[in-house]
Amino acid sequence: MEENTFVSLFLSLVLLQLCIKSQSQLVPALHIFGDSAVDVGNSIYLNTSFRADFAPYGIDFVVGQTGRFSNGVSITDVLGTALGVDLAYPLVNGTNTINFLYNKNQAFNYAYGTAGILPETGEATGETLSLGQQVGLFKQTVEIYLPQQFKSSQEISQYISNSLFVVFTGSNDYIHNYLQPSQYNSSRQYNDEKFADLLVTEYGNQLSELHTLGARRMVVFEIPPLGCYPIVLERIKSNTRCVENVNNMVTIFNDKLGAKVKELSSTLKDTTIILAKTYGLVYDMINNSSTYGLEEAAKPCCVVGKDGSGLCVPEKTPCEKRNTTLFWDQAHISEAANTIIAVKAFNGSGLSTPANIVDAIKSAKSTPTAHNGTSPSSVSYLNILLVLAFFVVLSYL
């Protein structure tokens, strides 16, 4: 137990140091949109019961409880480290305002716990920030904050176009909407196909809005196999490993999302949109867990309450082997799983199409050099090795 705690603390310190001190930036900034999978604490500033600012959340993160829905780092924390940008902090100060307290060379996080693509998703738990509202907050960043940091609109445009935009959303539109007929009408208004159409149309609208605001490099993550998540299995009282009809709903959405990404990639000028095929990877991690160094791929690591939220019970001691467990609580994967996904998205093969993040940055015509003046190909290998070292040591905990 002491060894596990010590090594986890060491890794967190390394991660924090890399985020703050990195001299090799592949992009000037990382802009993050989505839900609790990538929320770094925005949810604690709004009136909601769905929050993670208490132990055991953050047990393996260097500063403890930040509002991250994990025992440690998120996917975008690892991506930020690899890209060389500063650690993401909460930006939200309310549903319509944002805190501009940080430097422009960092990860800007607009993600929010129960947020979804649809405005009503997650409202049963309190205040929320839909994808559209998050994009609206980014518009505030463009119109209010960035003019304070740059001398001209041309500099702002170049800064935004060279930044990376990550969107991880859609899960809550099922977990906190479509699959809760007692609180939402969506499952009575739409069949699976029509609901997916509704979601993907709005998703595409928001990606187009980001493009209008200057975004030219985007990474869009699929919804994972929610039918295998403990929160869904608990609600449906299923004795099977996965609820395949729920996975079928998700697959319909992911297929339509892939088509939308392909369409936007061809119609939005000078834009690269990477689709990270998270569904297949997480499904394989569940069914072939030992391949990924995982020993437990069904049960959550922390003690979960009976309120249906899927969140950890405050102050209860979680499992000891956190870094060989797939699920942290009933609705979120662990730091170890987050790291696997992030590394594959960053520099791996088979997860991202048409290219992984590094290759997309290297091939982007708008960015002949990295942020500090060195070429992406020369600085990326150091960052890759640092992230891979983090992951390798993590696998031995």
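Small disclaimer: the values here were computed from a predicted structure and weren't measured.
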J.: Quick one: do Thr169 and Tyr112 satisfy side chain to side chain contact (heavy atoms under 4.5 Å, CB included)? Show the steps, please.
T.: CA-CA 10 Å; Thr169 192; Tyr112 178 77; over 6 Å; no
J.: Can you tell me which residue pairs pass the ring-ring contact (aromatic ring centres under 6.0 Å, His included) test with a partner in residues 251-277, sequence neighbours excluded?
T.: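 For residues 251-277, and leaving out neighbouring residues, there are no ring-ring contact (aromatic ring centres under 6.0 Å, His included) pairs at all.
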J.: Could you report the tightest heavy-atom contact between Met249 and Asp192, atom names first, then the distance?
T.: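 Here Met249 and Asp192 meet closest at CG-OD2, 3.5 Å.
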J.: Short question: side chain of Asp77, backbone of Ser74 - any donor-acceptor pair under 3.5 Å?
T.: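 Yes; at least one donor-acceptor contact below 3.5 Å.
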J.: Using the six-membered ring wherever Trp is involved, compare the ring planes of Tyr174 and Tyr178 and label them parallel, tilted or perpendicular (cut-offs 30° and 60°).
T.: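 Rings of Tyr174 and Tyr178: perpendicular, over 60°.
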J.: Do Tyr292 and Leu326 come close enough that some side-chain heavy atom pair is under 4.5 Å?
T.: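 No, side chains not in contact.
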J.: Between Asp173 and Leu118, what is the shortest heavy-atom contact and its length?
T.: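 Looks like OD1-N, 3.1 Å.
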J.: Among Thr212, Thr271, Leu264, which residue satisfies the side-chain contact (heavy atoms from CB on, under 4.5 Å) criterion with Leu207?
T.: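 When Thr212, Thr271, Leu264 are each tested with Leu207, the side-chain contact (heavy atoms from CB on, under 4.5 Å) holds only for Leu264.
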J.: Do the non-hydrogen side-chain atoms of Pro181 and Arg188 ever get within less than 4.5 Å of each other?
T.: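 Yes. Closest side-chain heavy atoms under 4.5 Å.
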J.: Taking ring-ring contact (aromatic ring centres under 6.0 Å, His included) as the cut-off, I'd like each qualifying pair that reaches into residues 294-323, sequence neighbours left out, listed once.
T.: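 Found none.
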J.: Residues in ring-ring contact (aromatic ring centres under 6.0 Å, His included) with Tyr184, at least two apart?
T.: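 ring-ring contact (aromatic ring centres under 6.0 Å, His included) list for Tyr184, sorted by chain: empty.
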J.: Can a cation-pi geometry be assigned to Arg68 and Phe61, taking NZ or CZ under 6.0 Å from the six-membered ring centre and within 45° of the ring axis?
T.: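 Yes, Arg68 and Phe61 form such a contact.
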J.: Indicate yes or no: at least one non-hydrogen side-chain atom of Tyr57 is less than 4.5 angstrom from one of Ser70.
T.: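 Sidechains of Ser70 and Tyr57: no contact.
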J.: Less than 4.5 Å apart, any side-chain heavy atom of Ile357 and any of Asn347?
T.: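 Heavy-atom side-chain distance check fails, nothing below 4.5 Å.
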J.: Before you tell me yes or no, could you show the steps for Leu198 and Tyr190 under side chain to side chain contact (heavy atoms under 4.5 Å, CB included), namely the whole-Å CA-CA distance, both residues' side-chain angles and the distance that decides it to 0.1 Å?
T.: CA-CA 9 Å; Leu198 177 70; Tyr190 306 96; 3.7 Å; yes
J.: Glu263 and Lys260: salt bridge (charged side-chain N to carboxylate O under 4.0 Å, His left out), yes or no, with the steps?
T.: CA-CA 5 Å; Glu263 172 194 326; Lys260 177 61 69 174; 3.6 Å; yes
J.: Would you check if Gln206 and Gln134 make a side-chain contact, meaning some heavy-atom pair closer than 4.5 Å?
T.: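 When only atoms from C-beta onward are counted, Gln134 and Gln206 do not touch, as no gap falls below 4.5 Å.
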J.: I want to check something: taking the side chain as every heavy atom from C-beta on, are Val85 and Val27 in contact at a cut-off of under 4.5 Å?
T.: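 Yes - at least one pair of side-chain heavy atoms lies under 4.5 Å apart.
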J.: So Ile341 and Val78, side chain to side chain contact (heavy atoms under 4.5 Å, CB included) or not? Walk me through it.
T.: CA-CA 9 Å; Ile341 294 170; Val78 180; over 6 Å; no
J.: Step by step, would you call Lys321 with Glu295 a salt bridge (charged side-chain N to carboxylate O under 4.0 Å, His left out)?
T.: CA-CA 9 Å; Lys321 294 185 176 181; Glu295 297 176 7; 3.4 Å; yes
J.: What pairs with His31 under ring-ring contact (aromatic ring centres under 6.0 Å, His included), at least two apart in sequence or on another chain?
T.: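 ring-ring contact (aromatic ring centres under 6.0 Å, His included) check on His31 returns Phe108, Phe138, Phe165.
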J.: Please report the interatomic distance CG(Leu26) to CG(Leu83), rounded to the nearest 0.5 Å.
T.: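 It is 5.5 Å, given to the nearest 0.5 Å.
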J.: For residues 300-314, which side-chain donor-acceptor pairs fall under 3.5 Å, sequence neighbours excluded?
T.:
unit_1 : atom_1 : unit_2 : atom_2 : d
Asp307 : OD1    : Ser309 : N      : 3.1
Asp307 : OD1    : Ser309 : OG     : 2.9
Asp307 : OD2    : Ser309 : OG     : 3.3
Ser309 : OG     : Leu311 : N      : 3.2

J.: I want to check something: taking the side chain as every heavy atom from C-beta on, are Thr272 and Arg216 in contact at a cut-off of under 4.5 Å?
T.: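 No. Closest side-chain heavy atoms not under 4.5 Å.
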J.: How long is the straight-line distance from CD of Gln25 back to CD of Gln106, given to the nearest 0.5 Å?
T.: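 The CD atom of Gln106 sits 10.5 Å away from the CD atom of Gln25.
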J.: Does Glu155 offer a backbone N or O that forms a donor-acceptor pair with the side chain of Gln158 under 3.5 Å?
T.: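 Answer holds: no.
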J.: Under 3.5 Å, is there a donor-acceptor pair between the side chain of Glu296 and the main chain of Lys299?
T.: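 Such a contact is found between Glu296 side chain and Lys299 backbone.
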J.: Would you say the side-chain atoms of Thr121 and Asn172 include a donor-acceptor pair closer than 3.5 Å?
T.: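 Checked: Thr121/Asn172 side chains show no N/O donor-acceptor pair below 3.5 Å.
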J.: How would you list all residue pairs meeting disulfide bond (SG atoms under 2.5 Å apart) that involve residues 177-221, not counting sequence neighbours?
T.: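 Of all non-adjacent pairs touching residues 177-221, none passes disulfide bond (SG atoms under 2.5 Å apart).
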J.: Got a sec, which pairs hit disulfide bond (SG atoms under 2.5 Å apart) with one end in residues 108-183, sequence neighbours left out?
T.: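 The answer is none; no pair qualifies.
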J.: Which residues pass the ring-ring contact (aromatic ring centres under 6.0 Å, His included) test with Phe327, not counting sequence neighbours?
T.: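 With sequence neighbours excluded, Phe327 shows a ring-ring contact (aromatic ring centres under 6.0 Å, His included) to Tyr229, given in chain and number order.
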J.: Return yes if some donor-acceptor pair links the side-chain N/O of Thr48 with the main-chain N/O of Thr125 below 3.5 Å, else return no.
T.: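 Side chain of Thr48 to backbone of Thr125, a donor-acceptor pair under 3.5 Å: yes, one is there.
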J.: Would you mind listing every salt bridge (charged side-chain N to carboxylate O under 4.0 Å, His left out) that reaches into residues 44-59, with sequence neighbours excluded?
T.: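 Salt bridge (charged side-chain N to carboxylate O under 4.0 Å, His left out) check on residues 44-59 returns Arg51-Asp53.
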J.: Do Met218 and His211 come within less than 4.5 Å of each other through their side chains, counting heavy atoms only?
T.: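 With C-beta onward as the side chain, the pair touches.
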J.: Hydrogens and angles aside, do Asn356 and Ser352 bring a side-chain donor and acceptor to less than 3.5 Å of each other?
T.: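 The criterion, which ignores hydrogens and geometry beyond distance, is not satisfied for Ser352 and Asn356.
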J.: How long is the straight-line distance from CG of Leu91 back to OH of Tyr110, given to the nearest 0.5 Å?
T.: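 Taking OH in Tyr110 and CG in Leu91, the distance rounds to 5.5 Å.
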J.: When rounded to the nearest 0.5 angstrom, what distance separates CD in Glu222 from CZ in Phe168?
T.: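 Result: 10.0 Å between the selected atoms.
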J.: Run the side chain to side chain contact (heavy atoms under 4.5 Å, CB included) test on Val219 and Leu164 for me, step by step, so that the C-alpha distance in whole Å, both residues' side-chain angles and the decisive distance to 0.1 Å come before the verdict.
T.: CA-CA 8 Å; Val219 182; Leu164 186 68; 3.8 Å; yes
J.: Please report the closest heavy-atom contact between Ala37 and His332, naming both atoms and the distance.
T.: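 Shortest heavy-atom separation between Ala37 and His332 comes out as N-CD2, 4.4 Å.
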J.: Please list all pairs meeting salt bridge (charged side-chain N to carboxylate O under 4.0 Å, His left out) that have one or both residues in residues 269-278, counting only residues at least two apart or in different chains.
T.: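 Residue pairs with at least one partner in residues 269-278: there are none.
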J.: Is the closest side-chain donor-acceptor distance between Asn109 and Asn42 under 3.5 Å?
T.: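 Side chains of Asn109 and Asn42: pair found under 3.5 Å.
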J.: Which value, rounded to the nearest 0.5 Å, describes the distance between Asn205 atom CG and Glu209 atom CD?
T.: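 Rounded to the nearest 0.5 Å, the CG-CD separation comes to 9.5 Å.
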J.: With sequence neighbours excluded, give me every disulfide bond (SG atoms under 2.5 Å apart) pair touching residues 192-233.
T.: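 Found Cys228-Cys242.
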J.: Restricting to non-hydrogen atoms, name the atom on Leu30 and the atom on Thr76 that form the minimum distance, rounded to 0.1 Å.
T.: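 Looking at all heavy atoms of both residues, the shortest contact is CD2-O, 3.9 Å.
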J.: What are the two closest heavy atoms between Thr325 and Cys319, and how far apart are they?
T.: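 Looking at all heavy atoms of both residues, the shortest contact is OG1-SG, 3.8 Å.
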J.: Shortest non-hydrogen contact from Ser163 to Pro28?
T.: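 That would be OG-CG, 3.6 Å.
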J.: Could you give the distance from CG (Asn239) to CG (Leu233), rounded to the nearest 0.5 Å?
T.: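 Here the rounded value is 9.5 Å.
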J.: Do side-chain atoms of Asp39 reach the backbone of Gly113 as a donor and acceptor pair under 3.5 angstrom?
T.: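 It does hold such a pair.
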J.: Strictly by disulfide bond (SG atoms under 2.5 Å apart), give each pair with a member in residues 134-200 just once, sequence neighbours left out.
T.: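 For residues 134-200: none.
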